There are 2 protein chains.
Amino acid sequence: MTVQTRPEPADAAGLQLDAYLPYRLSVASNAVSRLIARAYEDRFGLTIPQWRLVCVLAEDGPMNQSALVSRTGMDKVTVSRAAQGLIKRHLLERSENDRDGRSHVVALSLEGVRLHAEIAPLALAYEAALISGLDPHEVALLKRLLLRLQGAAGVLAGEAPSPG
Amino acid sequence: MTVQTRPEPADAAGLQLDAYLPYRLSVASNAVSRLIARAYEDRFGLTIPQWRLVCVLAEDGPMNQSALVSRTGMDKVTVSRAAQGLIKRHLLERSENDRDGRSHVVALSLEGVRLHAEIAPLALAYEAALISGLDPHEVALLKRLLLRLQGAAGVLAGEAPSPG
DNA sequence: GCGAGATAGTATCAAACGCAACTATCTACC
DNA sequence: GGTAGATAGTTGCGTTTGATACTATCTCGC
């Protein structure tokens, strides 16, 4: 005598939204992104893409927009718009690239460097608050797994395997 | 004699975008979401919110929209629009709630149940492909950590602590 | 050097998102 | 029992997003 608790076909029984990794990933990411986006927007008037450009330029120095695209993984349209916004606020400066008339080199202005130095501690504080109570070893594993997932998704989507 | 490799203030030196958890999380989530969204959209004409409603209704049975909101964590507008789309395709059915004239009860139609049974194995296959090569123990930890992050983000954003 | 195709970046458009405002209904208190 | 405030759900609207198309420039082969 069998007990049938659900009117489900057997195939579907294995799927539970709460335990479904893409779901968990999306919900967690949205919650964190919303938090971070609000912080940057409210206090500094920066969008997430703008903040990413500032970070990368502060880390790696001046580069052109296509380098920013491959560095950040964002769409070239997103990068273009973010750069325009930052330039309008004089946080970024643009210079002609005499080796290639199509591309320009963008760099943080002095004000941009100052802003980055001001935001960075806040960004780190948010990260610290998010992972407080977690074993550092777990956090390292988490980051590694996220990279793996990103790579696997890229491969399944038909991209060339990521350089990670 | 000190060597200064970067023209950065000390505070900013600790921030590297690649190792920044919110960034890793967002990039991984976007990659996975894009993959999954394309699969559902191309093959079944479902958006992610629509698919989530189908899943929850298949798992938990009929409920009203505000229950769907708290169950999925999505915005009520998102739920409303997703439900409308599903109703238009006769995958969902709606009945009056005689106990409360404001709310309606939505339930999967027979066709909706069939669709869920058809998609569920595909969804599970995608998950399996994403985590292939990972230790099941690591995957379990990953899901737990994602829940923790979601909860921490909610708390930092001023929400009531999540029921997780 | 000149024409075909690749690449850098921008403009345009349609779809998705979420907030706020709105309607309709319910609850609670006097 | 009637009025104030809460709740269910929809609509409208401004913003953001990403795909596509476009301009300008570069590269390669001849």
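Chain letters run A, B, ... following the sequence lines, proteins first and then strands; every chain starts at 1. Values below: every heavy atom of this structure, side chains too, minus hydrogens, waters and symmetry copies. Because the structure is a prediction, the values reported are computed rather than measured.
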- If you look at every strand shown and take non-hydrogen atoms under 4.0 Å, does A:Thr78 touch a base, only sugar-phosphate, or nothing? sugar-phosphate
Show me the protein contacts with nucleotides 6-11 of chain C, counting only N or O atoms at under 3.5 Å.
{"from": "C:dT7", "atom 1": "O2", "to": "A:Arg102", "atom 2": "NH1", "distance (Å)": "2.7"}
{"from": "C:dA8", "atom 1": "OP1", "to": "A:Ser66", "atom 2": "OG", "distance (Å)": "3.3"}
{"from": "C:dG9", "atom 1": "OP1", "to": "A:Gln65", "atom 2": "N", "distance (Å)": "3.3"}
{"from": "C:dG9", "atom 1": "OP1", "to": "A:His104", "atom 2": "N", "distance (Å)": "3.2"}
{"from": "C:dG9", "atom 1": "OP1", "to": "A:His104", "atom 2": "O", "distance (Å)": "3.4"}
{"from": "C:dG9", "atom 1": "OP2", "to": "A:Gln65", "atom 2": "N", "distance (Å)": "3.3"}
{"from": "C:dG9", "atom 1": "OP2", "to": "A:Ser66", "atom 2": "N", "distance (Å)": "2.6"}
{"from": "C:dG9", "atom 1": "O3'", "to": "A:Arg94", "atom 2": "NH2", "distance (Å)": "3.3"}
{"from": "C:dG9", "atom 1": "N7", "to": "A:Lys76", "atom 2": "NZ", "distance (Å)": "3.3"}
{"from": "C:dG9", "atom 1": "O6", "to": "A:Lys76", "atom 2": "NZ", "distance (Å)": "3.1"}
{"from": "C:dT10", "atom 1": "OP1", "to": "A:Arg94", "atom 2": "NH1", "distance (Å)": "3.3"}
{"from": "C:dT10", "atom 1": "OP1", "to": "A:Arg94", "atom 2": "NH2", "distance (Å)": "2.6"}
{"from": "C:dT10", "atom 1": "OP2", "to": "A:Gln65", "atom 2": "OE1", "distance (Å)": "3.4"}
{"from": "C:dT10", "atom 1": "OP2", "to": "A:Gln65", "atom 2": "NE2", "distance (Å)": "3.1"}
{"from": "C:dT10", "atom 1": "OP2", "to": "A:Ser80", "atom 2": "OG", "distance (Å)": "2.4"}

- Query: Any chance the side chains of A:Arg52 and B:Ser26 put a donor and an acceptor closer than 3.5 Å?
  - Reply: yes
- Message: Please report the distance, rounded to the nearest Å, between CZ in A:Arg34 and P in C:dC19.
- Response: 7 Å
- Note on the structure: The answer to which of A:Arg99 and A:Asp75 contacts DNA chain D further toward the 5' end, by nearest nucleotide, is A:Asp75
Donor-acceptor pairs under 3.5 angstrom involving side-chain atoms of residues 77-91 of chain B: please list them, not counting sequence neighbours.
{"from": "B:Arg89", "atom 1": "NH1", "to": "B:Phe44", "atom 2": "O", "distance (Å)": "3.2"}
{"from": "B:Arg89", "atom 1": "NH1", "to": "B:Gly45", "atom 2": "O", "distance (Å)": "3.0"}
{"from": "B:Arg89", "atom 1": "NH2", "to": "B:Phe44", "atom 2": "O", "distance (Å)": "3.2"}

Show which side-chain atoms of residues 130-141 of chain A pair as donor or acceptor with protein atoms under 3.5 Å away, not counting sequence neighbours.
{"from": "A:Ser132", "atom 1": "OG", "to": "A:Ala129", "atom 2": "O", "distance (Å)": "3.2"}
{"from": "A:Asp135", "atom 1": "OD1", "to": "A:His137", "atom 2": "N", "distance (Å)": "2.9"}
{"from": "A:Glu138", "atom 1": "OE1", "to": "A:Asp135", "atom 2": "N", "distance (Å)": "3.4"}

- Task: By nearest nucleotide on DNA chain C, pick out whichever of B:Asp98 and B:Glu41 is the more 5' one.
- Result: B:Glu41
- Determine, using the 4.5 Å side-chain heavy-atom cutoff (strictly less than), whether A:Val105 and A:Leu92 are members of one ILVMFWY cluster. no
- Task: Report the distance from atom CD of B:Glu111 to atom CZ of B:Arg114, rounding to the nearest 0.5 Å.
- Result: 6.0 Å
- How close or far is atom C1' of C:dA16 from atom CH2 of B:Trp51, stated in whole angstroms? 21 Å
- Query: In whole angstrom, what separates A:Arg38's CZ from D:dT16's C1'?
  - Reply: 15 Å
- Item | Rounded distance (Å) that lies between atom C1' of D:dG18 and atom CG of B:Asn30 | 12 Å
- Message: Tell me whether A:Asp18 is salt-bridged to B:Lys143, with the criterion being a basic N under 4.0 Å from an acidic carboxylate O.
- Response: no
- Measure the distance from CE on B:Met63 to P on D:dA8 and round it to the nearest whole Å. 14 Å
